[in-house]
Number of protein chains: 2
Amino acid sequence: MNHQSATANVSGRHFLQERMMLSEQEYLAQYDASRYASPIVTVDSVLFSLWQEQLCVLLVKRANHPQKGWWGLPGGFVDMQQDATTRDTALRKLREKTSVDPAWLEQLATFSGADRDPRGWSLTTAWYALIAAETCKAVSDDVSDACWQPIEGMAQRTDIAFDHQHIITEALIRLRQKTLYSLLPVHCLPAEFTLTQLQQVTELILARPVQRKSLIRRFEASAMFEETGESVATGARRAKLYRLKPGSDMHNFSRNLMVED
Amino acid sequence: MNHQSATANVSGRHFLQERMMLSEQEYLAQYDASRYASPIVTVDSVLFSLWQEQLCVLLVKRANHPQKGWWGLPGGFVDMQQDATTRDTALRKLREKTSVDPAWLEQLATFSGADRDPRGWSLTTAWYALIAAETCKAVSDDVSDACWQPIEGMAQRTDIAFDHQHIITEALIRLRQKTLYSLLPVHCLPAEFTLTQLQQVTELILARPVQRKSLIRRFEASAMFEETGESVATGARRAKLYRLKPGSDMHNFSRNLMVED
DNA sequence: GAAATAGTGTCTTTTAGACAGTATCGG
DNA sequence: CCGATACTGTCTAAAAGACACTATTTC
């Protein structure tokens, strides 16, 4: 085997490599994602708030097909130009409806399947969020396509699009679970709030009374809040106002409030 | 206005409806999902088990681009023909590697973004699973592309594809959290197991000792298990064997084992 | 001062932590 | 009988439940 044939051999191998063993860069240069069939990808959010003394979610009357005219969760397609992640998609869609960012936004789960959307095999990454209803004027004031609808009776409704009823149920389960071991419900309240308000949201979320004393003990132990110095008169003795300490994370307790039924 | 013109009017309106106000059926008939650009959709699983006295995850040497030769999670594209949901995709991909279904499989979260896969804007629904390593022969016996790799040191590795290191970290956080308030670790054990084995998995997952007495109290309180009647000799006094009671769900305790650091 | 709402004190209950004590086995 | 592993008893500790009590405000 002379030098010439060895070189030929090497370049022959190199040629093979180009055909059968592409480099990473070559592979990526020729890759075209649009050649492959792929599910319909959307993002939906379950936005909770307190509205008219009730725990509500924000629903939107669907302006377009499919399921035009039905009530659905605020959401839509990922915009690969605008959105860095599906979290951005969720925030963008919520901002369109409320004109502000929610105080809390966390991923719930991804729901998928061939039957959940009549357009075909689809997948939605669902988020759940909390906001103080009074901070988003757009929703509460306008005669709009988006409005707060009570959680109570939600499971019996027949005018909810896709599997959004199921997603709302799962979001409520998650919100209730978190309420048992954190003070998450504060994010349904305005920036300054009283302990009584916190107790009320907590009771509305859990749909049962909670011991005020237990709540106060947790409130103090969390070290998440500070007095504003102000107080409000809600009938009799004035109630102290509290706010979130800047930069404090949600505290998780190591045991649940009340044992589940 | 005679009968003739009224009819013309109606069919004129109907024509308008076809152009501007499609019915749901008409809309669906003309809908073509493939016209819209959409993210790359995959499913990945973090399969945990006990192997050689260590908590391990199943990693697969990537046979194809991108990131060929790197270690990644078992997973892949959704097959819209075969898979009813992404759960089926996860199970199918795990079965290919282990030839059995995991004892536990639960959705972790969905990770998305423009940068996590070099092919473009992508989204993966990640699951985490538990299995007894001894039940899946294919993995442990063969010189295969899939093998158990210890969790310890995983965060320092530089040979893990995509954001799979991050996904593994999140899965471990979730597994540890669940271990604090349930007996989930039993699903890393064979169908019949001793309390000492359960204690060992629990300690490996949490990376710290647990009070055997606390574990036994929970074991009994859960009512999830029954004695097999058999026992095994592991050196000295024989240890009783237990199995999951058929049809029993995972019990969640209302407080955590040990307070987090 | 009565009524109402806000907030505190304190005893009980539940369940984990700690660890000493007993049981069963092989040698 | 010794050592080792499996299992139990029981006291302590932490935090929630229950509820009576005090404080502040309006009328």
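Lettering follows sequence order; numbering is per chain, from 1. Every heavy atom of this structure was used, including side-chain atoms; hydrogens, water molecules and symmetry mates were not. The model shown is predicted, which means the values in this text are computed figures rather than measured ones.
Per the geometry, CD belonging to A:E227 stands 12 Å off C1' belonging to C:dG7, to the nearest Å. For the pair A:L215 CG and D:dG17 P, the interatomic distance rounds to 10 Å; values are reported in whole Å. Rounded to whole angstrom, the span from the CG atom of A:L180 across to the C1' atom of D:dG17 amounts to 15 Å. When rounded to the nearest whole Å, the span between CE of A:M258 and C1' of C:dT13 equals 15 Å. Here D:dG17 presents its P atom at 12 Å from CD of A:E203, a figure rounded to the nearest Å. D:dA16 atom C1' lies 14 Å from atom CZ of A:R208, rounded to whole Å. If you measure from atom CG of A:N256 to atom C1' of D:dA14, you get 15 Å, rounded to the nearest angstrom.
One distance of note links CG of A:L58 with OG1 of A:T98; it measures 7.5 Å at 0.5 Å rounding.
The ring of A:Y181 has its center no closer than 6.0 angstrom to the ring center of B:Y181. Ring to ring, A:F111 and A:F162 are not that close: their centroids are 6.0 angstrom or more apart.
The pair A:K97-A:D145 counts as a salt bridge, with a side-chain nitrogen and a carboxylate oxygen less than 4.0 angstrom apart.
Within the 4.0 Å cut-off from OP1 or OP2 of C:dA16, at least one side-chain nitrogen or oxygen of B:R218 is found.
Judged by the 6.0 Å distance and 45° axis criteria, A:R218 is positioned over the aromatic ring of A:F253.
With D:dA15, D:dG17, C:dA16 as the choices, the nucleotide that has an atom nearest any side-chain atom of A:Q211 turns out to be D:dG17.
Taking all atoms of both residues into account, the shortest heavy-atom contact from B:S49 to B:A133 is OG-N, 2.9 Å.
The nearest heavy atom of DNA chain C to B:A233 and to B:R255 marks one nucleotide each, and the one closer to the 5' end goes with B:R255.
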Under 4.0 Å protein heavy-atom contacts per nucleotide of nucleotides 5-12 of chain D, with B for base, S for backbone only and - for none
BBBBBB--
